[in-house]
Amino acid sequence: MNKTAEVIQKYYNPFEYASPFREGAEPESIRERYERIPTTIYPTAAEAVKKIAQQIAELIGKKAKSGEVCVLGLATGSSPIPLYRELVRLHKEEGLSFKNVVTFNLDEYYPMEPTEKQSYVKFMHEHLFDHVDIPAENINIPDGTLPVDKVTEYCKSYDAKIENLGGIDFQILGIGRTGHIGFNEPGSLINSPTRIVSLDPLTRFDAASDFGGEENVPRKAITMGVASIMKAKRIALFAWGEAKAEIIRKAVEGPVTESIPTTFLQLHPNTNIICDFGAAMELTRVKHPWLVGSCNWHPRLIRKAVVWLCQTLDKPILKLTDSDYREHGLSELLEEYGYASTVNIKVFNDLQHTISGWPGGKPNSDDTTRPERAMPFPKKALIFSPHPDDDVISMGGTFARLVDQGHDVHVAYQVSGNIAVFDDYALRFLDFLRDIKSIYHIENFDAEKLYGDAVDLVNSKKPGDIDPDGFKRLKGAIRRGEARAACRYLGLNEDHVHFLDLPFYETGKVKKSPMTQADVEIVKALLQEIQPHQIYAAGDLADPHGTHKVCIETIIEACKQLKNEDWFKDCRIWLYRGAWMEWELDMVDMAVPLSPEEVKIKRLAIYRHQSQKDMVPFPGKDPREFWQRSEDRNHATAVLYDKLGMAEYQAIECFVRYDYFI
Ligand code: F6R
């Protein structure tokens, strides 16, 4: 790997994290000046939880030796799952025993039967208790089945039981987007005990996919109080992914306030926040490191600082002055480059060179400052799309250009996307078959029965029920047809469209399995078959159900395993962002401008995904349709370039080059 690539990888690889500070210059005082809770950032959740699991294991062992019980406070939700996985591993592979462990869970929905799919009792057994040797009587989870008039008394006894055991030794927490810990929603007081609470609308919204719709999410819960949590001897709070970045910044850097109960942890003497790079993204030390300490001014960090300065002052790059730099914590840049104008021109050119209407490279032209090499031409480009519509939503304009400019484009849809089709929408297709049968005089095909059975199935389904295989496959087929229609519209032959149906996705539930080698093999086989010069993939770590994250991990793992192949040495990987976010400008390596006509073509390609239009089962927090989000986002990028003093385009699609393998 050459030096530049190494530095880029270190600082700007979206999947790695390293400090942007000069060696030895990471200020000790971050804690006092910005971060009011000690926070550690890890490249991945798996790496982060290893350390905590080890600490828990040591604590359990120490307590066992002295004949004491070890009291753990446990959370549910997605955040602690990697920790539970590691604890189970420690039990199975390294003999960690839970015989002396007593657990208290933070919360439970109310009302809630322990046998319900969404109960936290079910969750804890599935993820931890059923796989370790904890005695059943040592498990405590708030009881969601009690009559209302018994709840207060019960909550008191829950706190008393913890107290009698000497308090919680190690408390695990997640953080909700409202800033809740446990279900202590905004407004909870620092001295609040275990009690019944009303859930915040945002919390209910976030839980909607587990319950098959927001309307099915309970309105109440029993939660351990803030006071009960604050009495724990040690607390570790986990946060993974960009969706948590904003609330983590407020919790760690903001003032203590009951409107963000997590901020109370600033007053706890032994709390650590453990997060991955995504969740840390909004922290000042990551977002604006120059405000925190002396930086290693790599070109991308300079770009980041200058774009920030332009946005702060609402000025284009070439109009920034020495005093603008000096007055905004960027004197260090002037010390390095002498004058503002030198830095300005450097960044202006750097950004200018990201813009290219030739995503596959411009044949027979000087490519020294272009993001993509001119030759070979035409290139074989393989676009990986996690769900069947991400390709057109996130890079539909670039997709169209690649085809129009004569490249040999293939698209691979990684997962079937079958859970995102409404029952009612699927029924329409079976209904349609009833007519088709008579139009084409098809015999031996009982369309009436097929339709009737499906209607019965839909009518008897309960929220969160898994579809039988046939119905699931029908939904997958609907999405496949839509993807083929979009590809056809963009001029791609059907034999260039690949459906991988990666197995990790096929749980029938919102929750997916982790990636396995079986997924990787499927991706590898396609890569070997096509041997592309360009790979486009969704470098998106923020989708609500984690599918995109597994999809990119699968591609990266496949590339790692193929990196010694000859063709791979001449292959570039371009990451686009999924439907939820755009790359920060400092990371962008290629910006493909779109004309108003191209924006329209892209929109019409997105329209082909009709099952995802108007109303989708899992819309995320954004009420806009996918085509609207995509247009707004591409337009916003164009405005950003314009405001920085570049040319004014209608829309721009952005890509980051993943050069880990160079
Ligand atoms: C769960 C709990 C909640 C979650 C929080 C984050 O027992 O008390 O505070 O920790 O809502 O949920 P995830 O981890 O799913 O993002």
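Just so you know, residue 1 is the first one in the sequence shown, and it goes up from there. Just so it is clear, the values below take in all heavy atoms, side chains as well, and ignore hydrogens, waters and symmetry mates. Counting starts at 1 for both ligands and their atoms, following the listed order.
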Novice: Output the list of atoms in ligand 1 that are nearer than 4.0 Å to some heavy atom of Gly77, sorted by atom number.
Specialist: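 Counting atoms of ligand 1 from 1, those under 4.0 Å from Gly77 are 14 (O), 15 (O).
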Novice: What atoms of ligand 1 come within less than 4.0 Å of a heavy atom belonging to Ile175?
Specialist: 5 (C), 6 (C)
Novice: Just go through Asp107, Asn105, Asp210, Leu106 and tell me whose heavy atom is the nearest to atom 8 (O) of ligand 1.
Specialist: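 Shortest heavy-atom distance from atom 8 (O) of ligand 1: Asp107.
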Novice: Taking NZ, NE, NH1 and NH2 as the nitrogens, is one of them in Glu58 or Lys62 under 4.0 Å from a carboxylate oxygen of the other?
Specialist: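 So Glu58 does not pair with Lys62 through a salt bridge.
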Novice: Which residue supplies the protein heavy atom nearest to atom 14 (O) of ligand 1, what is that atom called, and how far is it?
Specialist: Ser79 OG, 2.5 Å
Novice: Say you draw a straight line from CD of Glu506 to CD1 of Ile419; how long is it, rounded to the nearest 0.5 Å?
Specialist: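 Atom-to-atom, Glu506:CD and Ile419:CD1 are 9.5 Å apart.
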Novice: Which residue holds the protein heavy atom closest to atom 1 (C) of ligand 1, what is that atom called, and what is the gap in Å?
Specialist: Thr76 OG1, 3.1 Å
Novice: Considering only heavy atoms of Ser78, which atoms of ligand 1 have at least one such atom less than 4.0 Å away?
Specialist: 13 (P), 14 (O), 15 (O), 16 (O)
Novice: Compare every heavy atom of Tyr154 with every heavy atom of Ile141, then report the nearest pair and how far apart it is.
Specialist: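 Result for this residue pair: O-OH, 3.4 Å.
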Novice: Are Lys461 and Asp467 close enough for a salt bridge, meaning some N to O gap below 4.0 Å?
Specialist: yes
Novice: In plain terms, say whether Glu246 and Arg249 are close enough for a salt bridge, that is, a side-chain N and a carboxylate O under 4.0 Å apart.
Specialist: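 A salt bridge is present here (some side-chain N lies under 4.0 Å from a carboxylate O).
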Novice: Do Asp519 and Tyr505 get their side chains close enough for a donor-acceptor pair, meaning under 3.5 Å?
Specialist: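 Per modelled atom types, Asp519 and Tyr505 side chains form no pair under 3.5 Å.
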Novice: Could you report the tightest heavy-atom contact between Ala232 and Gln171, atom names first, then the distance?
Specialist: CB-CB, 3.7 Å
Novice: Among Gly182, Gly176, Ala75, whose heavy atom sits nearest atom 9 (O) of ligand 1?
Specialist: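 Closest candidate by heavy-atom distance is Gly182.
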Novice: Among protein heavy atoms, which lies nearest atom 11 (O) of ligand 1, and at what distance?
Specialist: His180 NE2, 2.5 Å
Novice: What residue and heavy atom of the protein are closest to atom 10 (O) of ligand 1, and at what distance?
Specialist: Gly174 CA, 3.3 Å
Novice: In the protein, which heavy atom is nearest to atom 16 (O) of ligand 1, and how far is it?
Specialist: Lys244 NZ, 2.5 Å
